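Keep in mind that what you see is a predicted model, and the values were worked out from it rather than measured. So you know, we letter chains A, B, ... as the sequences are listed, proteins then strands, and number each from 1.
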4 protein chains.
Amino acid sequence: MTEKQQRILEAALRLFAQEGYAATSTSKVAKAAGVSEGLIFRHFQSKEGLLQAILTQAHEMTRQAFAGVVLASDPKETIRKILELPYTISEAHYEMWRLVYALKWQTKQYDTSSYDPIRLVLQHAFAELGYADPAAEAELVFMYLDGAATAMLLHPPAQPAAVLEALKKKYNL
Amino acid sequence: MTEKQQRILEAALRLFAQEGYAATSTSKVAKAAGVSEGLIFRHFQSKEGLLQAILTQAHEMTRQAFAGVVLASDPKETIRKILELPYTISEAHYEMWRLVYALKWQTKQYDTSSYDPIRLVLQHAFAELGYADPAAEAELVFMYLDGAATAMLLHPPAQPAAVLEALKKKYNL
Amino acid sequence: MTEKQQRILEAALRLFAQEGYAATSTSKVAKAAGVSEGLIFRHFQSKEGLLQAILTQAHEMTRQAFAGVVLASDPKETIRKILELPYTISEAHYEMWRLVYALKWQTKQYDTSSYDPIRLVLQHAFAELGYADPAAEAELVFMYLDGAATAMLLHPPAQPAAVLEALKKKYNL
Amino acid sequence: MTEKQQRILEAALRLFAQEGYAATSTSKVAKAAGVSEGLIFRHFQSKEGLLQAILTQAHEMTRQAFAGVVLASDPKETIRKILELPYTISEAHYEMWRLVYALKWQTKQYDTSSYDPIRLVLQHAFAELGYADPAAEAELVFMYLDGAATAMLLHPPAQPAAVLEALKKKYNL
DNA sequence: TATGAATGAGACTTCATTCAT
DNA sequence: AATGAATGAAGTCTCATTCAT
């Protein structure tokens, strides 16, 4: 991966995340990256290929974000870690997450399978704690996670911790 | 509003919602609506104007969806009605909501003010019920609402009622 | 067929014939036709579509050029008319024929079926005249036709009639 | 001439002959030859230079093909040898001839002077045999040659010898 | 009101060529 | 000799928009 390849990826990520994939022209990406437009195609074949290269990085990022969760020792810690996930999005990853969240709404790109491991771990934790309907409870948490992440990404000054506290209380954490 | 104007709006809504605003060309809209491309511009001035016309309808739809909530007599009913909101999205409005949700991620279009009345009513209800931090509690519900609506819109077969039940229990509803 | 469509076809024919299909850019065609480049694609979908539109005209031209031959009453007249074919290419059709001949060498476009009727008529005529191997004789004439047409098209000042005379003598015409 | 130079020439010949000079990119040539694109330019300066290198080989090939003819002792043998020329194209030279024939139709490249010696020898032979118009007779043979070669090159399974026989009879060979 | 021809800017992509290594 | 990153111009094609009818 040459330095210019890296610059292209960074510029594309920023622009795709901020203005949308379709609304961002490859010429804008090239200008922002300080390279010739042709270079984008030499390295990534097509605009779509550029997006895929970014999404591959995103997948790796997701994997790492979830890695910490699975290591939790008891169900309560598992749930707590998962609830805190939206608060652990580092600034460096804001744009990546924004892009992933925005792309959900574009029919062709959507694939939720990366979230399956978390879903399973969560159901298991609720089951251990004796919840009546662990699957429903897990789904509920997922909805909160999605809403919380959305809020963090759209209003970057971020969410007050009070919300998280209120939620933890509901699960006696 | 002539019949052709209506047809344009419907086609545009469907395409904007399914493929994205930027990714939908006016020519595609014209073809889908069965009208000439010129007619779009006679009626709506520009592609942006066409979007605004749709968003005006969306605003009215939102207003109506929220109207029922404010009429609730006691705080518990208020909260219950609000929690149930995502389940009341009628099929006829799916695409409109999809479009609104997708546009959130496009910097220029985002305006949350239509949700302010609900936020206030919700905070008031939690205050009446003696919650320690009504604002945080309201924010929490908002996150759930956003996540639930997202789930309904992206996986149309819809959410099981069990999730809603699990949530209601948490608020003793 | 609007006037500009016609102008595009004429300009494209001239340029494709003189400089080659691949070597002619749609921008050159547009400039030569005095229209915007986009118009080419509105009317003909693609550069390839533009070529096909021209080839459809070429096919019609070929059909007409051959129409006169089939009406001949006796075998000798048939053969004479066919031998004279290269000399009947009107100036107005030079470019069309040049294009057709040039495209023969581009793998994808080649289709000889338009010549089949002539081949059959010719074989029949030679058979009637009692030639030992009418098929071979017809093939021979075809080679001459191809060579003669090539000469006419590549050295426009044209071929001396003496060549044709020498040939006619060989068939006692 | 290094091995890679050779590989470039071979790949270029094949592609230029099959797809056309203008339609073949230097990148395609490099890939087909299994070398880097830069190497083409180090060895041949430009795409045009690469073509010229091939045409130089073609010229040598033509010279050799014609060499045998001029050595013929009597006029009849001369004519016979010339008529047989299209049948002597070796498979190894098909692509070279195809390229030469295809380039005839690209205005800039065409130069017939290599055929002049044959033309003269042929006229001389017909004059010796007492033909009324030796020049016209030679031209006629040239047209046949061109048509026959074209047929051989475009329909590789090749021409039946019967055609050649029919022709030889016309010249009492 | 409605059409569809027409445009010019800009989209994505490919090209021949150069250059540092 | 050889590579492959890099470029700028040019390629085909699409876009939003205008206008005569």
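- For the pair K104(C) and Y101(D), the cation-pi criterion (under 6.0 Å, within 45° of the ring axis) is not fulfilled.
- Atom-to-atom, CD of Q45(A) to P of dA5(F) comes out at 11 Å; the value is rounded to the nearest Å.
- OP1 or OP2 of dA9(E) has not a single side-chain nitrogen or oxygen of S36(C) nearer than 4.0 Å.
- Checking dT7(E), dA16(E), dC12(E) against the side-chain heavy atoms of E37(A) singles out dC12(E) as nearest.
- If you take CG on L103(C) and OH on Y21(C), they are separated by 9.0 Å, rounding to the nearest 0.5 Å.
- Atom CD1 in I8(B) sits about 11 Å away from atom C1' in dT1(E), given to the nearest Å.
- Contact annotation: H43(D) side-chain N/O to dA2(F) OP1/OP2 distance is under 4.0 Å.
- Note: CZ (R7(C)) to P (dA6(E)) measures 9 Å, nearest angstrom.
- Whole-Å rounding puts the F44(A) CZ to dA5(F) P distance at 11 Å.
- Following rounding to the nearest Å, L50(C) (CG) and dC13(F) (P) show an atom-to-atom distance of 10 Å.
- Between S46(D) and the phosphate of dA16(E), there is no side-chain N or O to OP1/OP2 separation shorter than 4.0 Å.
- Remark: of the listed residues Q57(A), H59(A), Q52(A), Q52(A) is the sole one forming a side-chain contact (heavy atoms from CB on, under 4.5 Å) with L55(A).
- In this structure, F41(A) atom CZ and dA16(E) atom P are separated by 17 Å, rounded to whole Å.
- For K31(D) and dT14(E), the NZ to P distance is 9 Å, given to the nearest whole Å.
- Here dC12(E) is the nucleotide among dA16(F), dC12(E), dT17(E) with the atom lying nearest to any side-chain atom of K47(A).
- When rounded to the nearest whole Å, the span between CD of Q5(D) and C1' of dT3(F) equals 16 Å.
- In this structure, Q18(D) and W105(C) have side chains that are not in contact, with every pair of non-hydrogen atoms separated by 4.5 Å or more.
- Nearest to the side chain of V35(C), among dT7(F), dT13(E), dT7(E), sits dT7(E).
- Closest approach to the K4(C) side chain among dA6(E), dC12(E), dT12(F) is made by dA6(E) (side chain taken as heavy atoms from C-beta onward).
- Contact between the side-chain N/O atoms of R42(D) and the OP1/OP2 oxygens of dA2(F) is not found at any separation under 4.0 Å.
- The side chain of T2(A) places no N or O atom within less than 4.0 Å of a non-bridging phosphate oxygen (OP1 or OP2) of dA5(F).
- Nucleotide dT21(F) is matched to dA2(E) when pairs are restricted to Watson-Crick or G-U wobble geometry with both distances under 3.5 angstrom.
- Distances shown here put a side-chain N or O of S25(C) below 4.0 Å from the OP1 or OP2 atom of dG11(F).
- Of the residues near DNA chain E, G34(B) and T26(A), the one whose nearest nucleotide (by heavy atom distance) lies more toward the 5' end is G34(B).
- Distance from the side chain of L39(B) is smallest for dA2(E) among the nucleotides dA2(E), dA5(F), dT13(E).
- K28(C) has no side-chain polar atom (N or O) that falls below the 4.0 Å cut-off from OP1 or OP2 of dA10(F).
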Test side chain to side chain donor-acceptor pair (under 3.5 Å) applied to E37(C) and S27(C), step by step: CA-CA 6 Å; E37(C) 203 174 348; S27(C) 123; 4.8 Å; no
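- Side-chain contact between T112(C) and H155(D) is present, with heavy atoms from C-beta onward closer than 4.5 Å.
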